[in-house]
2 protein chains.
Amino acid sequence: MPATIRDVARACGVHISTVSRTFSAPHLVNPETRGRVLACAEHLGYRPNKAARALITGRTHNIGLMVADIANPFFPPLIKAAESQARHRDYHIFVTDTNEDPSVEEELVHALAKQVDGVLLCSPRMSNSLIEQLSREVPLVVINRQVTGLPAVVMDVGQGARLAIEHLTGLGHREIALLSGPRGSWTSREIRRAAGAAARAAEATLTVLGPNPPTEDGGQSMADQVRRAEVTAVLAYNDLMAIGLIEGLDALGIRVPQDISVVGIDDISLSRLTRPKLTTVATPTAAAGRTAVDMLLQHGDDRRTTAQVTLQTELVIRDSTSPGPHCPAGPGSTAAAALEGVAS
Amino acid sequence: MPATIRDVARACGVHISTVSRTFSAPHLVNPETRGRVLACAEHLGYRPNKAARALITGRTHNIGLMVADIANPFFPPLIKAAESQARHRDYHIFVTDTNEDPSVEEELVHALAKQVDGVLLCSPRMSNSLIEQLSREVPLVVINRQVTGLPAVVMDVGQGARLAIEHLTGLGHREIALLSGPRGSWTSREIRRAAGAAARAAEATLTVLGPNPPTEDGGQSMADQVRRAEVTAVLAYNDLMAIGLIEGLDALGIRVPQDISVVGIDDISLSRLTRPKLTTVATPTAAAGRTAVDMLLQHGDDRRTTAQVTLQTELVIRDSTSPGPHCPAGPGSTAAAALEGVAS
DNA sequence: CTGAAAGCGCTAACAA
DNA sequence: TTGTTAGCGCTTTCAG
């Protein structure tokens, strides 16, 4: 039904290749002819068929971005940054949501494969071997995960987890729980590894509770187990879980940070709005989105560039942590004051 | 680089059409041959090129979904519902974010055009005439807007706004402000129209403040103007603005609901978490997502079906509204108690 | 059941 | 500067 290049050529009395050039290499066609072609095209409502063009050029100028859960406020800043970076480079981003489901992830890579020039895999849950296999079908950049041989941009949650644990032990906490994330999450493994090491170094006990769905409900429903674990502080896999946990504890009559300190990871905007405001590890999500787009696009020019970029994280101390039973400055002081006590 | 249908045919000693059939019409090929083809394909890592297939069949089995702002928590439930509905019908959803920018919207429709079988336009900001024009390029279903000749699913925010105003006037409020939404928003116009009518019917004054960006910041920065408007109640274009406004008022020392009542629209999950919990108009976002997918897909079979579906909204009374100065039950009673007073 | 041939809408050498 | 030709990877008649 829509007009094709041939319709325009006919209506205009030129060959189809002239029409083609008018749109893909205008400088190669006589200005006068170009004007006529453009007029005919306009008149017929002609639009180049991007799919057909891609079939021959191999370039769609689209990028796929797969996220684990579009409802998680962690992702939008990353998506927005990727979009803006892509737009600068004359590309468009197609976002897909995998529902935290590995099999959906695979299906979606296939669906995206020839509609985009590459896919950004954000926090994928599938196996390394599957990712490697899929990377033969379409260029891949992995975010929040390391897969040998594939370009990746990771946020250093290990370092973040270490900072969080050091913050807690510095406040005098010795019994700490870790609410781990979903099965298959590289980030969750990193956090666990680094938090474990940091706890050991400070001679604190780390109790791992999980795996858990990385959602508010996931955190909320762990409140009871946290209470039974008899810890004085908790590090959660992400802010959503931390916020859910705080609500759950609240329902149990346990106060944060007076009774239990809670630290999240991500620094989503919501963590500034809750009461208490959440102490958390800020991850550079926007930078990650931008970097991933850049890596994908330069990867096309230069096949050997499979660098793995690591972005730093930082601890943001707010109101959900306070001194524990073994605090050198004594309980009752604020988190900040306690820190100073430790530092001196 | 990736294997094509021809590679498989050669490796297998059959014609390419046999390979084609093996994947697109397996019942038409001898089980034995089929097995051999499948084995070769597997071995070569062959995957049918969906773009090439689409070029000839005209079907991509993908659906585009354009939202105004992916960071707005209003959209994820709609997106999730659309995805799940699409998956049931063997389709995939590609989400794009327009950043509330009409020109980006147009660009994205073109980018999606031949990569998807249709586009769901969610709260588009562009002009009706442009939407109509784009609908000749790719099948469109409009959500939260009415465009003559195009299938649409709208949530009845007009009715919702009326309920909200009636709730406020029932509580004795006579000076009400409306924080309107962004320019170009059909929803905002509907709200304004309906709220205006409802206020008139109740002999209340409605002061329209706006247009505003439909974000938390948009609401927060209006706090001062709301104060100067000397109203006792506010209806906001959406929950995000309502929540932002409450924060802004809080910073000004104005208490909600004691000093000013605030009502939002959407019932995003966040509105249950804030203090005070937000009174709001619940919109059936999930149903809208599902319905839009259904309409797009059946629209293919049956060209004349350009129905416009309207989904009902309902008022959810929480803690951000309380009796105003003219309340029949007298100020100081709770919203619920006041309502009973009105009913009797 | 399988092969041959045409063609989806477009681009890219190569000639003219 | 323009037309000619070949073909991207696939599906789909139509014969055999």
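Chain A is the first sequence line, chain B the second, and so forth, proteins listed ahead of strands; every chain is numbered from 1. Values in this document were obtained by computation on a predicted structure and should not be read as measured data.
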*Run the salt-bridge test on A:Lys80 and B:Asp97 with the 4.0 Å N-O cut-off and return the result as yes or no.*
yes

*Under the 3.5 angstrom rule, does the side chain of B:Thr98 hit a backbone N or O of B:Glu105 as a donor-acceptor pair?*
no

_Side chain A:Asn72, main chain A:Asp69, donor-acceptor under 3.5 Å_ = no

Could you tell me the separation between the [atom1] atom of [X] and the [atom2] atom of [N], rounded to a whole number of Å?
{"X": "A:Arg36", "N": "D:dT2", "atom1": "CZ", "atom2": "C1'", "value": "11 Å"}
{"X": "B:Ile5", "N": "D:dT11", "atom1": "CD1", "atom2": "C1'", "value": "8 Å"}
{"X": "A:Gln115", "N": "D:dG9", "atom1": "CD", "atom2": "P", "value": "15 Å"}
{"X": "B:Asn49", "N": "D:dG9", "atom1": "CG", "atom2": "C1'", "value": "6 Å"}
{"X": "B:Ile16", "N": "D:dC8", "atom1": "CD1", "atom2": "C1'", "value": "12 Å"}
{"X": "B:Phe23", "N": "D:dT11", "atom1": "CZ", "atom2": "P", "value": "9 Å"}
{"X": "B:Arg6", "N": "D:dT11", "atom1": "CZ", "atom2": "C1'", "value": "12 Å"}
{"X": "B:Arg21", "N": "D:dT11", "atom1": "CZ", "atom2": "P", "value": "11 Å"}

Is it the case that [X] and [Y] place a side-chain donor and acceptor less than 3.5 Å from each other?
{"X": "B:Glu83", "Y": "A:Asn99", "result": "no"}
{"X": "A:Gln115", "Y": "A:Asn62", "result": "no"}
{"X": "A:Ser129", "Y": "A:Ser127", "result": "yes"}
{"X": "A:Asp117", "Y": "A:Thr60", "result": "yes"}

Have a look at [X] and say if it touches a base, only the backbone sugar-phosphate, or nothing, with a 4.0 Å heavy-atom cut-off.
{"X": "B:Ser17", "answer": "base"}
{"X": "A:Ser20", "answer": "base"}
{"X": "B:Arg47", "answer": "sugar-phosphate"}
{"X": "B:Tyr46", "answer": "sugar-phosphate"}

*From the options D:dT13, D:dG3, D:dT11, select the nucleotide whose nearest atom is closest to the side chain of A:His15.*
D:dG3

*If you find the nucleotide of DNA chain C closest to B:Val14 and the one closest to A:Ala3, which residue's nucleotide is nearer the 5' end?*
B:Val14

_Reading DNA chain C from 5' to 3', where do the contacts with chain A start and stop? Cut-off is 4.0 Å to heavy atoms._
C:dC8 to C:dA13

